[in-house]
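Please read the structure below before turning to the comments.
Sequential numbering from 1 along the given sequence is applied to the chain's residues.
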Amino acid sequence: MRRLITALFVCVSVCAIVPGWSGESRLDLLGGRAQLTATRVMLDRTNPRHVRVGGLTYLGGVALDSRDPAFGGFSSLDVSSAAGGHRFTLLSDGGNIVQFDMGGDWRPHRIAFSNLPAGPGIGWEKRDRDSESMAIDPKTGQIWVGFEDSNSIWRYAPGFARYEARVAPEAMRKWPANGGPESIARLPDGRFVVISEEAHVRRPDWTGSEADRLHTRQALIFARDPTAGGAPSRFAYMPYGRYDPSDVTALPNGDLLVLDRGFRLPFRFSARISRIDRRDVAAGRIARGRLIATIDAPLIHDNFEGIDTTVENGATIVWIVSDDNQLVLQRTLLLKFRLDR
């Protein structure tokens, strides 16, 4: 009894002396019981037959939801072939991973929730797992994830089984903490492209107007796996209008599709998709692609941050996913388009 009283006294004394935790709460992680619902959505809720937007044809889409409180916030997307449809991998900006199969019935199957096995920091705060971009080698299954705040790239084993390697490139060291490697893509020839969300081209490298310089983003080309060493070469990406690059994917011929997002008050997001010719993905070039489509009100719109492509019956299919920021005013939308030009 005396030991119990002593232990209680010590606990009370510590609680009285040590202040309560007032920092950021523990990062929400997805639970082991994977649950997911998908509700069909239209491109234009006022006109079901409206399916054309720029050079895209809308083929369908869903709003995804789950009872798991950690669900949402998806910043990158990978779509691969699976029996009867596709296998989807969504990675959130908090290191949460959602995977599922889905076919023409738009119903998720083989749903799996998991979390990154390692990353910058200790994993308590969101900034420790600010995973904003992802690229997967379809042959090996290896995965590369770009982290903001630390401005680093980590490589994971297939299925996110374990962490394998990491690098914090000197070329990314001065990128803004919240505007770093927002976009990453693996090209068919094995090179990697990384685009900063907010890092502008440096003055010594720019000969145009100051307004254009502040609108152009730094971009890097890695000749091979970024974590294998070797300095990247630099090029630049110029979005259309007051938009920020949020993701990039490579087409089979080496061209890039870049997803840009914009925001206007009081609370409206929009997205633009542009195509960059592979010849402009080269050191010293300024890449301003050909505008494919603008997805904005009155059409369905949200904070789209992830893009990937597949091929169906010879047609290029474009998939985009939105980051709902885990706010009630936003949704997790997964949309499917055919690229017509």
Side-chain angles (χ1 to χ4, degrees), residues 41-44 50-59 61 74-77 79 93 132-134 146 179 181-185 193-201 211-219 235-251 255-278 280-281 285-310 316-325 330-341:
V41 295
M42 294 184 295
L43 178 67
D44 184 346
H50 186 178
V51 295
R52 291 280 299 178
V53 51
L56 301 177
T57 296
Y58 183 63
L59 301 180
F74 300 110
S75 294
S76 49
L77 165 71
V79 188
D93 54 13
E132 293 287 347
S133 53
M134 172 179 63
E182 182 80 15
S183 309
I184 184 171
V193 167
V194 181
I195 304 175
S196 170
E197 181 183 12
E198 296 180 0
H200 306 296
V201 176
D212 282 347
R213 184 187 75 82
L214 294 175
H215 188 57
T216 305
R217 306 303 195 278
Q218 292 187 36
F235 74 112
Y237 170 66
M238 182 180 290
Y240 281 87
R242 300 179 66 84
Y243 281 68
D244 299 313
S246 60
D247 202 10
V248 63
T249 188
L251 295 172
D255 288 359
L256 299 179
L257 286 185
V258 183
L259 175 66
D260 299 321
R261 48 96 181 270
F263 177 77
R264 300 191 302 276
L265 295 174
F267 197 84
R268 178 187 292 179
F269 290 95
S270 61
R272 283 180 172 170
I273 297 174
S274 58
R275 182 169 184 163
I276 296 176
D277 191 287
R278 59 186 179 276
D280 288 328
V281 185
R285 299 297 292 267
I286 300 173
R288 179 169 186 174
R290 175 168 54 88
L291 183 63
I292 299 297
T294 299
I295 305 172
D296 198 353
L299 304 182
I300 193 170
H301 58 282
D302 212 301
N303 179 32
F304 288 104
E305 288 203 19
I307 187 171
D308 199 14
T309 59
T310 57
T316 298
I317 305 300
V318 180
W319 301 86
I320 59 175
V321 70
S322 64
D323 175 359
D324 68 349
N325 293 306
Q330 295 178 245
R331 293 184 291 176
T332 297
L333 298 172
L334 177 63
L335 307 184
K336 178 181 183 182
F337 299 88
R338 184 181 67 238
L339 179 64
D340 296 326
R341 67 184 188 196

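- Put simply, the side chain of Ile320 reaches to within 4.5 Å of the side chain of Ile295, judged on heavy atoms.
- In this structure, CG on Asp340 lies 7.0 Å from CG on Leu56, to the nearest 0.5 angstrom.
- Looking at heavy atoms from C-beta onward, Trp319 lies out of side-chain contact with Thr249 at the 4.5 angstrom threshold.
- Residues Val41 and Leu335 are in side-chain contact: their nearest non-hydrogen atoms beyond the backbone lie under 4.5 Å apart.
- Between Thr332 and Phe74 there is a side-chain heavy-atom pair separated by less than 4.5 Å.
- Within the 3.5 Å criterion, the main-chain N or O of Asp323 finds a donor-acceptor partner in the side chain of Gln330.
- Note: Ser76 OG to Ile307 CD1 = 12.5 Å, rounded to the nearest 0.5 Å.
- Within the 3.5 Å criterion, the main-chain N or O of His200 finds a donor-acceptor partner in the side chain of Gln218.
- Contact record, Met238 with Thr216: CE-OG1, 3.1 Å, taken as the closest heavy-atom pair.
- Between Ala185 and Ala250, the shortest heavy-atom contact is CB-N, 4.2 Å.
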Test side chain to side chain contact (heavy atoms under 4.5 Å, CB included) on Ile273 and Phe337 and set out the steps. CA-CA 11 Å; Ile273 297 174; Phe337 299 88; 5.7 Å; no

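- No side-chain heavy atom of Leu339 sits less than 4.5 Å from a side-chain heavy atom of Thr309.
- Judged purely by atom type and a 3.5 angstrom limit, Thr294 has no side-chain atom pairing as donor or acceptor with the backbone of Gly54.
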Please determine whether salt bridge (Lys or Arg N to Asp or Glu O under 4.0 Å) holds for the pair Asp244 and Arg217, giving the CA-CA distance in whole Å, both sets of side-chain angles, and the decisive distance to 0.1 Å. CA-CA 9 Å; Asp244 299 313; Arg217 306 303 195 278; 2.2 Å; yes

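- At least one donor-acceptor pair under 3.5 Å links the side chain of Ser183 to the backbone N or O of Asp247.
- The closest donor-acceptor contact from the side chain of His215 to the backbone of Arg242 lies at 3.5 Å or more, if one exists at all.
- Gly179 and Ser196 get closest at one heavy-atom pair: O-OG, 2.7 Å.
- With a 4.5 Å cut-off on side-chain heavy atoms, Glu182 and Ser133 do not count as touching.
- Of all non-hydrogen atoms in Gly55 and Ala293, the two that sit nearest each other are N-CB, 4.4 Å.
- Comment: Asp302 does not engage Arg331 in a salt bridge, judged by the lack of any side-chain N to carboxylate O separation of less than 4.0 angstrom.
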Tell me which donor-acceptor pairs under 3.5 Å the side chains of residues 257-270 have, and how far apart each pair is, sequence neighbours excluded?
| from | atom 1 | to | atom 2 | distance (Å) |
| --- | --- | --- | --- | --- |
| Asp260 | OD1 | Tyr237 | OH | 3.3 |
| Asp260 | OD2 | Tyr237 | OH | 2.6 |
| Arg261 | NH1 | Asn303 | OD1 | 2.8 |
| Arg261 | NH1 | Glu305 | OE2 | 2.7 |
| Arg261 | NH2 | Glu197 | OE2 | 2.6 |
| Arg264 | NH1 | Asp296 | OD2 | 3.1 |
| Arg264 | NH2 | Asp296 | OD1 | 3.4 |
| Arg264 | NH2 | Asp296 | OD2 | 3.2 |
| Ser270 | OG | Tyr243 | OH | 2.7 |

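- Residue Lys336 holds its NZ atom at 11.0 Å from OH of Tyr58, rounded to the nearest 0.5 Å.
- For the atom pair OG1 (Thr316) and CG (Asp255), the distance works out to 10.0 Å, reported to the nearest 0.5 Å.
- Taking each heavy atom of Leu43 and His50 in turn, the nearest pair found is CD2-O, 3.6 Å.
- The nearest pair of heavy atoms linking Met134 to Ile184 is N-CG2, 3.3 Å.
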